Structure formats: structure tokens, C-alpha cells
Amino acid sequence: MLTLVTGTTGQVGRRFVPRLLAQSRPGERVRVLVRDTARGEPFAALGAEVVVGDLRDTDVLGKAVAGVDAVVNVAASFRGVPDEEAWAVNRDAAVELGLAAQSAGVRRFVQVSTGLVYGQGRGRLVTEEDESRPGGSMWGAYPASKAEAERLLLAMEGLDVRVGRLPFVYGEGDPHLAQSLMWAKNWASGQRLHMGHHVDVAQGLLRILHAPGIPGRVYNIADDAPVTAVELHQLNGVEIPAELYERTDPDPWLVLMSTERIRRELGYRPVYSSVYAAREAGAL
Ligand SMILES: NC(=O)c1ccc[n+]([C@@H]2O[C@H](COP(=O)([O-])OP(=O)(O)OC[C@H]3O[C@@H](n4cnc5c(N)ncnc54)[C@H](OP(=O)(O)O)[C@@H]3O)[C@@H](O)[C@H]2O)c1
């Protein structure tokens with residue numbers, strides 16, 4: 001079994017690949033797609049094959065999927081990029097990768113997505129049965145491009161596509177928790193963010209990758225305890241701005257996800273049920 005993983009130089013991918021390799025059985029191999037040869041070296045040192053190139057280059061995609069049994073598409077472009085790039089990488093390149101995988105006879109395709117595809121205004125935890133309605137002021141083209149990628153990939157005939165929708169990912173030195181204040185400083189005090197530690201995101205994705213008989217299935221991955229804007233300031237050791245208490249949360253259930261399906265069907269149990277459990281364990 002050979003598994004191709006994209007986006008391995010990013011925050012999620014670089015922590016996912018060592019876990020995928022660690023639980024590989026004899027004969028199971030991992031290939032990574034990176035854009036820069038030097039940045040592939042740490043993965044080669046771990047025992048992975050390395051293909052160098054850009055996801056938007058269809059020639060590269062052919063090389064990347066040759067001989068592959070499964071793909072985990074972690075790559076995305078969303079941190080401060082123009083909308084055209086978000087669409088080109090998150091939707092167009094993901095679809096081209098799916099097509100390349102389909103024609104190369106790849107058996108499984110895990111698309112890494114985001115809870116932001118749910119959009120606003122549910123008034124309760126969102127479940128995988130809820131339709132995607134990305135939009136509103138959040139994140140520009142990012143949620144819409146990820147939602148479109150999901151839709152187009154899931155419609156591909158003959159390709160066993162599974163989707164994992166991630167929450168706000170943190171832990172293991174990822175600066176994301178500190179970066180959360182970029183938004184949280186403008187929130188109402190009680191506005192919540194649904195979290196997932198890297199170890200649990202990897203757990204969820206590995207369960208989705210390995211489970212038999214779940215083509216077309218979508219799974220939310222998250223922990224058990226969304227944290228408020230006040231808690232995000234406290235966790236970062238930053239004074240709580242007084243204005244937080246003057247604001248009203250416009251959507252108290254925004255992207256808070258039910259994880260009932262992944263628990264019931266795939267046996268997922270978060271190692272870190274909350275960011276506090278991770279902090280106690282020294283895993284921030
Ligand atoms: N982190 C979160 O909280 C979070 C939450 C929800 C969903 N997600 C999803 O999780 C996945 C990973 O997120 P992340 O936080 O790890 O993102 P990240 O740190 O920004 O990493 C993105 C990865 O994608 C690669 N990439 C971007 N454009 C590419 C291109 N044109 N060709 C090849 N590779 C390209 C990057 O490569 P370079 O290093 O070469 O740029 C990098 O390896 C994404 O699919 C994202 O939608 C993340």
C-alpha cells in the first residue's frame with residue numbers, strides 16, 4: 001500500500017506524516033508532494049518517498065499518483081492569499097488531483113476540509129447531514145473553495161472519496177493558538193471556537209483513511225470543548241480587552257460541530273478532550 005500525502009510542509013501535514021509512518025505496517029509506504037526539494041528532506045529521512053512540484057501542475061499530479069493506492073489531500077492555500085489562488089489550489093487543483101487519482105486507479109481519496117463549509121446560523125451543533133452554505137464575512141474564498149472541492153470530488157465516479165472536516169487545529173508548538181487572537185480580540189466575550197489537537201486531527205484522518213466501506217462519507221473531527229474568546233486570551237496569557245464584554249455574539253453556534261458520527265462509526269475518541277487537557281499534558 002502506497003499513500004500520497006499533499007500539504008506536508010504545512011502545520012497539519014508535517015505532524016500527520018510521522019504518525020502515518022509510525023503506524024504503517026511492513027510494506028506500507030508513504031509518498032509526499034512538496035514544492036521545494038530541501039523541504040522534502042525531513043520526510044525522506046523518515047522513510048517517505050518525495051515528489052517535488054506544485055499541485056496546480058497537472059504533469060506533477062500524474063507523477064505524484066503513479067502507483068498510489070490512497071491519497072490524503074491536506075494541501076490548501078488560505079493564509080492571506082488572493083481569492084484566485086484559493087480557488088486554484090483548494091478547488092481546481094484538488095479536483096485535478098482527484099481526476100489524476102481516478103485515472104491512475106487509486107482506491108481511496110481523503111479530502112481534508114474545514115468546518116467553515118457549514119456557514120452561519122444553525123443555532124445548534126452542525127452535523128454532516130447539514131448542507132454546506134459557506135459565505136458571509138468569514139475567510140473570503142476559502143470556505144467556498146473547500147466546499148466546492150468536496151462537492152466535486154464526492155461526485156467523481158469510481159473514486160472512493162472520504163472527507164474530514166477539521167476544527168481550529170492547535171498544539172505541538174503550532175503558533176495557531178496565539179494567532180487565534182487576531183480574530184478573538186474582535187469577538188464577543190462568549191463567542192466560541194471549536195478546537196482539535198494535532199494528535200486528534202491525525203487520529204481522525206487515519207481512521208477515515210483506513211476504515212473499510214465508507215466511500216462518500218463525511219466526518220467532522222473536533223474535541224469536546226469549544227473555548228470562548230475570553231478563554232483564548234487567558235490561554236495565551238493576554239489581558240482581556242474590555243470591549244469583548246460590550247459585544248454580542250452574532251452566531252453563538254458558528255461552526256461548532258457534532259462529532260457523534262466519527263465516534264460511533266469509526267471509534268474516534270479525542271486524546272485531548274479540551275485544550276486544557278492538552279495544556280496539562282504539556283502538549284500545547
Ligand atoms: N489549521 C487549521 O486550523 C485548519 C482548520 C480547518 C481545516 N484545515 C485544513 O487542513 C489542511 C492543512 O491546513 P494547514 O493549517 O496545515 O495549512 P498550512 O500550514 O497553510 O499548509 C498548507 C500546505 O499546503 C501546501 N500547498 C499550498 N499550496 C500548494 C500548491 N500550490 N502546491 C502544493 N502544495 C501547496 C503548502 O505548501 P508550502 O509549504 O510549499 O506552501 C503547505 O504544505 C487544509 O486543507 C485546511 O483547509 C486546517
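Remember, it's a predicted structure, so these values are computed and weren't measured experimentally. First listed ligand is number 1; within each ligand, the first listed atom is number 1.
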Do [X] and ligand 1 have an N or O pair less than 3.5 Å apart?
{"X": "Val74", "value": "yes"}
{"X": "Gly13", "value": "no"}
{"X": "Val169", "value": "yes"}
{"X": "Asp54", "value": "yes"}
{"X": "Gly53", "value": "no"}
{"X": "Leu33", "value": "no"}

For ligand 1, which atoms sit closer than 4.0 Å to a heavy atom of [X]?
{"X": "Arg56", "result": "31 (N)"}
{"X": "Thr8", "result": "43 (O)"}
{"X": "Val89", "result": "28 (N), 31 (N)"}
{"X": "Phe78", "result": "13 (O), 15 (O), 17 (O), 20 (O), 46 (C)"}
{"X": "Gly7", "result": "23 (C), 24 (O), 25 (C), 43 (O)"}
{"X": "Thr114", "result": "6 (C), 7 (C)"}
{"X": "Phe168", "result": "3 (O)"}

So, taking the atom named OG in Ser258 and the one named CZ in Arg122, what distance separates them when rounded to the nearest 0.5 Å? 13.0 Å
In Å and rounded to the nearest 0.5 Å, what is the OG to CD distance from Ser132 to Glu150? 5.0 Å
Just to be sure I'm reading this right: ignoring hydrogens, which of Gly10, Ala75, Ala76, Gly164 gets closest to atom 27 (C) of ligand 1? Compare them by their nearest heavy atoms. Ala76
Atom 10 (O) of ligand 1: which of Leu97, Ile221, Val112, Leu177 has the nearest heavy atom? Val112
Would Arg192 count as a cation-pi partner of Trp253, with NZ or CZ less than 6.0 Å from the six-membered ring centre and within 45° of the ring normal? yes
Within 45 degrees of the axis of the six-membered ring of Tyr219 and under 6.0 Å from its centre: does Arg263 put its NZ or CZ there? no
Step by step, work out the ring pair (Phe, Tyr, Trp, His ring centres under 6.0 Å) result for His194 and Phe168. CA-CA 6 Å; His194 209 163; Phe168 181 91; over 10 Å; no
Nearest protein heavy-atom contact for [atom]: which residue, which atom, what distance?
{"atom": "atom 32 (N) of ligand 1", "answer": "Leu55 N, 2.9 Å"}
{"atom": "atom 46 (C) of ligand 1", "answer": "Tyr142 OH, 3.3 Å"}
{"atom": "atom 28 (N) of ligand 1", "answer": "Arg35 NH2, 3.5 Å"}
{"atom": "atom 20 (O) of ligand 1", "answer": "Arg79 NE, 3.2 Å"}
{"atom": "atom 16 (O) of ligand 1", "answer": "Val12 N, 2.8 Å"}
{"atom": "atom 43 (O) of ligand 1", "answer": "Thr9 OG1, 2.7 Å"}
{"atom": "atom 48 (C) of ligand 1", "answer": "Leu166 CD1, 4.1 Å"}
{"atom": "atom 19 (O) of ligand 1", "answer": "Gln11 N, 2.9 Å"}

Do [X] and [Y] pair up side chain to side chain, a donor and an acceptor below 3.5 Å, judged on atom types alone?
{"X": "Gln11", "Y": "Arg15", "answer": "yes"}
{"X": "Gln120", "Y": "Asp251", "answer": "no"}
{"X": "Ser273", "Y": "Asp224", "answer": "no"}

Residue part near ligand 1, for [X], under 4.0 Å between non-hydrogen atoms:
{"X": "Ser113", "result": "backbone"}
{"X": "Pro167", "result": "backbone"}
{"X": "Arg39", "result": "side chain"}
{"X": "Arg165", "result": "neither"}
{"X": "Tyr170", "result": "neither"}

Could you walk me through whether Tyr272 and Arg279 pass side-chain hydrogen bond (donor to acceptor under 3.5 Å, both in side chains), step by step? CA-CA 9 Å; Tyr272 298 121; Arg279 186 174 67 177; over 6 Å; no
Counting N and O atoms only, with roles assigned by atom type, does the side chain of [X] sit under 3.5 Å from a partner on the main chain of [Y], one being a donor and the other an acceptor?
{"X": "Asp249", "Y": "Ala188", "value": "no"}
{"X": "Thr259", "Y": "Ile262", "value": "no"}
{"X": "Glu128", "Y": "Asn220", "value": "yes"}

Shortest non-hydrogen contact between [X] and [Y], atoms and distance:
{"X": "Met257", "Y": "Arg165", "value": "CE-O, 3.7 Å"}
{"X": "Glu85", "Y": "Ser77", "value": "OE2-OG, 2.8 Å"}
{"X": "Thr9", "Y": "Arg39", "value": "CB-NH2, 3.2 Å"}

Ile221, Val117: one ILVMFWY side-chain cluster at the under-4.5 Å cut-off? no
Before we go on, tell me: are the rings of His198 and Tyr170 under 6.0 Å apart, centre to centre? no
Is Ala93 close enough to touch ligand 1? Criterion: a residue heavy atom under 4.0 Å from a ligand atom.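 No; Ala93 lies far enough from ligand 1 that no heavy-atom distance drops under 4.0 Å.
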